[in-house]
2 protein chains.
Amino acid sequence: MNHTADPRPGRPYDRSRDALVLATTLDLLAEHPYGRVTLDDVAARTGRAKTTLYRRWATKDELVLAAVRSMGRPPEDGELPDRGSLRADLLAVIDSPWLGGPDRRSALFTGLSAAARSSEPLAALVRTEVTEPYVAIYRRLLERAVDRGELPAGLTPRIPTLAAVIPAMSDLQLAGATRAGTRRDFFVAVVDDVVLAAIRGAAASPGAGGLIGSVEG
Amino acid sequence: MNHTADPRPGRPYDRSRDALVLATTLDLLAEHPYGRVTLDDVAARTGRAKTTLYRRWATKDELVLAAVRSMGRPPEDGELPDRGSLRADLLAVIDSPWLGGPDRRSALFTGLSAAARSSEPLAALVRTEVTEPYVAIYRRLLERAVDRGELPAGLTPRIPTLAAVIPAMSDLQLAGATRAGTRRDFFVAVVDDVVLAAIRGAAASPGAGGLIGSVEG
DNA sequence: TAATAACGCTACTGAAGAGTAGCGTTATTC
DNA sequence: GAATAACGCTACTCTTCAGTAGCGTTATTA
């Protein structure tokens with residue numbers, strides 16, 4: 001494949017399973033708390049020796065970091081067609097295949113959230129690679145809705161607040177809500193509420209306002 | 001104080017700081033992931049010897065268990081006056097002093113959610129001591145709203161789904177939303193959206209419906 | 001074929017943390 | 001005062017896990 005490979009002598013790196021290693025790291029992060037994801041497990045589940053993992057990534061954090069980077073990005077402008085309404089746009093984000101769709105993506109976010117608490121560089125990476133692109137999407141969708149006339153022009157958006165509820169609901173489990181439906185069901189319900197409220201003007205009291213934003217005066 | 005104390009000879013247990021130990025355990029759980037809350041820390045922060053802690057609670061899990069039990073319960077029917085509207089009722093739940101109010105309570109739920117993933121008995125306890133009473137409150141509030149005529153009588157409630165979003169938002173941090181306001185601000189925004197949508201009929205598509213519930217036919 | 005470097009494997013080091021043993025001290029009952 | 005048991009303290013055991021060392025094997029280049 002790659003004819004520009006380095007001309008070093010000796011056996012070359014076998015990169016064929018690197019992607020599997022990264023994916024498995026994410027899988028484990030979605031399943032267990034960060035502290036219980038061990039490199040021995042990753043090695044065993046991917047058929048690589050632990051020492052081989054350390055030849056690529058110097059520390060556990062660097063492996064997780066690389067795994068996060070390998071996730072790709074949420075859908076960009078071009079891949080996010082205008083569905084004609086704010087509700088349809090938000091549902092399209094939810095159902096985008098990024099990270100395996102809404103349920104797996106949500107579980108993964110839960111794991112990353114916990115991992116970010118254990119390592120500041122990792123937290124920074126999660127912010128730039130996951131949070132900010134995600135927030136940018138919502139900002140764009142709200143601009144569209146304003147352009148469309150669905151939302152008032154004077155809207156002060158509360159993007160991070162909105163973004164917080166859509167991608168991740170780690171406490172669904174705490175509330176036993178998983179038995180009442182999938183995570184996707186939950187997100188759809190939120191979207192239904194949020195959009196209807198925004199369009200009809202949720203801001204009952206000044207300063208409060210709904211998740212999407214508030215309108216001054 | 002207690003004249004019915006056991007008549008055993010020897011130095012009696014000094015219970016004076018037991019409550020402090022339990023409270024400190026919860027504080028640490030709100031601050032760090034479960035795996036990084038150590039009994040050495042609890043001992044140091046409470047001025048007790050680690051061995052003394054083990055004379056009361058046989059394992060770390062039992063300590064956490066006792067701490068959860070010591071939290072008390074969310075406000076019961078009698079302590080939850082009818083505020084006249086669903087919105088006011090929900091805000092009253094949010095602002096109840098249980099567990100130190102909305103922000104601390106939310107942080108604590110985040111910690112408990114993580115802890116519950118590490119221990120099945122602990123998960124069961126969190127369900128019965130935290131989740132179920134909390135869910136019962138929402139059920140009661142929705143019944144009131146139906147009685148009041150605010151919500152339609154044929155409502156199929158989605159209580160666990162609603163309960164999931166109100167008490168805990170561990171991923172606010174992931175989305176950087178904490179900088180945009182307190183956790184309480186977030187909950188209030190959710191309530192504003194959810195209530196407005198429920199009252200005006202959010203269920204745009206059958207089967208979907210908002211967080212509060214859907215109406216058949 | 002010689003040199004090189006990745007491979008898997010086994011075995012290790014070192015740190016952290018749950019849980020325990022033992023001891024001298026202190027508060028209580030009889 | 002004697003017996004008892006909790007107290008704080010130090011020091012330990014045991015387990016888990018991040019990270020490393022060394023070795024025989026294998027894939028590659030020159």
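Chain naming here is simple, since letters A, B, ... match the order of the sequence lines and numbering starts at 1 in each.
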Can you tell me how far the OG1 atom of B/Thr24 sits from the CZ atom of B/Arg17, to the nearest 0.5 Å? 11.0 Å
Polar atoms only, N or O, under 3.5 Å: list the protein pairs with nucleotides 25-27 of chain C and their distances.
| from | atom 1 | to | atom 2 | distance (Å) |
| --- | --- | --- | --- | --- |
| C/dT26 | O2 | B/Arg11 | NH1 | 3.4 |

Residues 58-71 of chain B vs salt bridge (charged side-chain N to carboxylate O under 4.0 Å, His left out), sequence neighbours excluded, gives none
Among residues two or more places apart or on two chains, list those pairs meeting salt bridge (charged side-chain N to carboxylate O under 4.0 Å, His left out) that have a residue in residues 26-54 of chain B. B/Asp14-B/Arg48, B/Asp27-B/Arg104, B/Glu31-B/Arg45, B/Asp40-B/Lys50
Separation of B/Arg17 atom CZ from D/dA6 atom C1', in whole Å? 12 Å
What is the minimum heavy-atom distance between B/Leu108 and B/Leu26, and which atoms define it? CD1-O, 3.4 Å
Euclidean distance, atom CG of residue B/Asp18 to atom P of D/dA6 [Å, nearest integer]: 13 Å
Using whole Å, what does the distance between atom P of nucleotide D/dT29 and atom CZ of A/Arg8 come to? 12 Å
Return the residues of residues 26-57 of chain A meeting this criterion: a heavy atom under 4.0 Å from some atom of DNA chain D. Order them by number, or give none. A/Val37, A/Thr38, A/Leu39, A/Lys50, A/Thr51, A/Tyr54
Taking B/Thr110's backbone N and O only, do any of them form a donor-acceptor pair with B/Ser113's side chain (distance below 3.5 Å, no angle check)? no
Expressed in angstrom and rounded to an integer, what is the separation of A/Tyr13 atom OH from C/dA5 atom P? 11 Å
In whole angstroms, the gap separating C1' of D/dA18 from CD of A/Glu62 amounts to 14 Å
Holding to side-chain hydrogen bond (donor to acceptor under 3.5 Å, both in side chains), I want the full list of residues that pass it with B/Asp18, two or more places apart in sequence or in another chain. B/Arg15, B/Arg56
Phosphate OP1/OP2 of D/dC7 contacted by B/Arg15 side-chain N/O (<4.0 Å): no
More than 12 non-hydrogen atoms from neighbouring residues, nucleotides or ligands closer than 6.0 Å to CZ on A/Arg144, yes or no? yes
Who are the side-chain hydrogen bond (donor to acceptor under 3.5 Å, both in side chains) partners of A/Thr46, not counting sequence neighbours? none
